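Structure first, commentary second.
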2 protein chains.
Amino acid sequence: MSEERVKLEETREEFVTQWGIMGAQWGINRTMAQIHALLMTSPNVMSTDEVMEALEISRGNAHTNLKDLVGWGLIRIVTKKGERKEFFGAEKDVWEIFRRVARERKRREIDPALETLRSCKSATEEMKSVEGKAFHEQMGQLEDFVSFASKMGDRVASMQHGKAIKLAMKFFG
Amino acid sequence: MSEERVKLEETREEFVTQWGIMGAQWGINRTMAQIHALLMTSPNVMSTDEVMEALEISRGNAHTNLKDLVGWGLIRIVTKKGERKEFFGAEKDVWEIFRRVARERKRREIDPALETLRSCKSATEEMKSVEGKAFHEQMGQLEDFVSFASKMGDRVASMQHGKAIKLAMKFFG
DNA sequence: ATCTGCTTTCAGTAATTACTGAAAGTTCAT
DNA sequence: ATGAACTTTCAGTAATTACTGAAAGCAGAT
């Protein structure tokens, strides 16, 4: 039985590591992704000190990344009565995780990018040269695509899990 | 008329900068994204030296990132007859860009991550403890979601632009 | 007012990632 | 074989990003 414990912990570490790598590839800081993985697979909420110990990181690092994760809406602060310290628990439902990430990335990254595309498009609105027209056209296509994808994302992210599944079925069927 | 040139170049720089920022946020190296932006908005193919000059970067840097972009299928090498040197031209169709990025990210990042999820899932297959079962279940949900999303991506990416638009219309309609 | 237990900040440092530039490699023409 | 015109590599360096740990801040208990 304790053998099982050991194997579980090993497996969990494998997962934490891989989730960290994946996060890094997608522009999320490695530690943040690892903390997320840790909490996602923790049966109980964890304190800052527990996170520090599990990942062998400093208090400052743990603190910053925990608060960032709260900012992304991926974990929540839990206070136990009688205890002064904060505990953290992760959202475990994958669909909900997806929705929150989608929403935040849109807000933080897509919207500003769209702003630039629009500005570049309108700055070249009246141009007469072939180059100017081509550039304007290219900006228009990018803007259309990005804003379209963004709207799609919104739509999907605001659906209930069940509805999304149904829609997906149509797709494959 | 030359005033227009100046404004166009300024605007193009704005775009190159923003595309670089966006790339960085999505885990792509800034310079690579900037070169991509530059070539996407260039009426003609460009040589390594022209890219170096336009972005004020070294030969090594230009070379590495140009070749990486070729690896992603986002730009192609063009050789002019009589000329020995290589020129580079970007795919400009946004749908095609999307398809290629989707395909590459799947191959490079999603598939390996899925591999780990499956391995973690099967390593905890037979566990009897509550923690073991919960972990196994969580891996299963993640695997289902990731592989589902990946399949969806495949599907969309292998569609013709027109078909995708139709599908999207159903969606909004 | 002071202490205790915790959270937050941040200057300094470490680790990682990206870039430079020069040298080596390649290819083709003579 | 030699050289010209390019491409490729890579050791060294710079820039960026992430982390540490100690100090400061804060809130409730005494």
Side-chain angles (χ1 to χ4, degrees), chain A residues 16-39 45-72 74-89 108-109, chain B residues 16-39 45-72 74-89 108-109:
Chain A
V16 167
T17 302
Q18 178 65 36
W19 206 245
I21 292 170
M22 209 191 170
Q25 284 166 337
W26 287 82
I28 285 157
N29 136 346
R30 199 198 332 284
T31 303
M32 186 170 144
Q34 285 181 347
I35 295 178
H36 183 228
L38 187 71
L39 288 172
V45 295
M46 292 176 81
S47 67
T48 303
D49 290 76
E50 285 166 336
V51 171
M52 284 167 63
E53 194 186 3
L55 298 179
E56 304 184 69
I57 58 176
S58 73
R59 181 169 307 283
N61 194 10
H63 175 79
T64 310
N65 285 296
L66 281 165
K67 287 301 151 98
D68 281 356
L69 280 164
V70 172
W72 277 79
L74 293 175
I75 67 176
R76 67 190 185 292
I77 299 174
V78 178
T79 40
K80 297 188 183 176
K81 49 190 169 187
E83 293 249 36
R84 256 206 222 166
K85 86 177 112 195
E86 296 182 329
F87 293 85
F88 302 89
R108 299 178 189 214
E109 295 147 14
Chain B
V16 167
T17 302
Q18 178 64 35
W19 206 244
I21 292 169
M22 210 190 169
Q25 283 166 335
W26 288 80
I28 285 157
N29 136 346
R30 198 197 333 284
T31 303
M32 186 168 144
Q34 287 180 346
I35 296 178
H36 183 229
L38 187 72
L39 288 173
V45 295
M46 292 175 80
S47 67
T48 302
D49 290 78
E50 284 166 337
V51 171
M52 285 168 63
E53 194 185 3
L55 299 178
E56 303 183 71
I57 58 176
S58 74
R59 180 171 305 286
N61 195 11
H63 175 79
T64 309
N65 285 295
L66 281 165
K67 287 302 153 96
D68 280 357
L69 279 165
V70 171
W72 277 80
L74 293 174
I75 66 177
R76 66 191 186 291
I77 299 173
V78 179
T79 39
K80 298 186 182 176
K81 50 189 165 187
E83 294 247 38
R84 252 205 219 169
K85 88 176 107 194
E86 296 182 329
F87 292 85
F88 301 89
R108 299 178 189 215
E109 295 147 15

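Source: prediction; values computed, not measured. All chains are named by letter (A, B, ...) in the order of the sequence lines, taking the proteins before the strands, and each is independently numbered beginning at 1.
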Quick one: [X] [atom1] to [N] [atom2], roughly how many Å, whole number?
X        : N       : atom1 : atom2 : value
Lys67(A) : dC10(C) : NZ    : P     : 15 Å
Phe87(B) : dA5(D)  : CZ    : P     : 14 Å
Asp68(A) : dA18(D) : CG    : C1'   : 12 Å
Leu66(B) : dT8(D)  : CG    : C1'   : 13 Å
Ile21(B) : dA18(C) : CD1   : P     : 16 Å
Gln25(B) : dT17(C) : CD    : C1'   : 17 Å
Ile28(B) : dT17(C) : CD1   : P     : 15 Å
Asn65(B) : dT20(C) : CG    : C1'   : 13 Å

>> Walk me through whether Met32(A) and Ile35(A) qualify under side-chain contact (heavy atoms from CB on, under 4.5 Å).
In response: CA-CA 5 Å; Met32(A) 186 170 144; Ile35(A) 295 178; 5.9 Å; no

> So what does Thr31(B) touch, heavy atoms closer than 4.0 Å: a base, only the sugar-phosphate, or nothing?
Replying inline: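 Thr31(B): backbone/sugar contact only, no base atoms under 4.0 Å.
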
> Under 4.0 angstrom, heavy atoms only, what part of the nucleic acid is Asn61(B) near: base, sugar-phosphate, or nothing?
Replying inline: base

Side chain of [X], heavy atoms from C-beta onward: which of [options] has the nearest atom to it?
X        : options                   : result
Arg30(B) : dC28(C), dT17(D), dA18(C) : dT17(D)
Arg84(A) : dC19(C), dG21(D), dC6(C)  : dC6(C)
Arg59(B) : dC19(C), dA27(D), dT8(D)  : dT8(D)
Ile57(A) : dT20(C), dA29(D), dT20(D) : dT20(D)
His63(A) : dT7(D), dT7(C), dT27(C)   : dT7(C)
Asn29(A) : dC19(C), dT7(D), dC19(D)  : dC19(D)
Ser58(A) : dT7(D), dC19(D), dT8(C)   : dC19(D)

>> One thing to verify: whether Lys67(A) and Glu86(A) come together as a salt bridge, which I'm taking to mean a side-chain N less than 4.0 angstrom from a carboxylate O.
In response: yes

> Taking only side-chain nitrogens and oxygens of Lys85(B), does any of them come within less than 4.0 Å of OP1 or OP2 of dT7(D)?
Replying inline: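 No, Lys85(B) has no side-chain N/O under 4.0 Å of OP1/OP2 on dT7(D).
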
> Taking atom CZ of Phe87(B) and atom OG1 of Thr79(B), what is their separation to the nearest 0.5 Å?
Replying inline: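 These two atoms lie 9.5 Å from each other.
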
>> Testing the basics here: between Ala33(B) and Gly20(B), what is the closest heavy-atom pair and its distance to 0.1 Å?
In response: CB-CA, 3.9 Å

> If each of Met32(A) and Thr64(B) is mapped to the nucleotide of DNA chain D with the nearest heavy atom, which maps nearer the 5' terminus, i.e. the 5' end?
Replying inline: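 Looking at DNA chain D, the more 5' nearest nucleotide goes with Thr64(B).
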
> Is there a side-chain contact (heavy atoms from CB on, under 4.5 Å) between Phe88(B) and Thr48(B) once you walk through the steps?
Replying inline: CA-CA 8 Å; Phe88(B) 301 89; Thr48(B) 302; 3.5 Å; yes

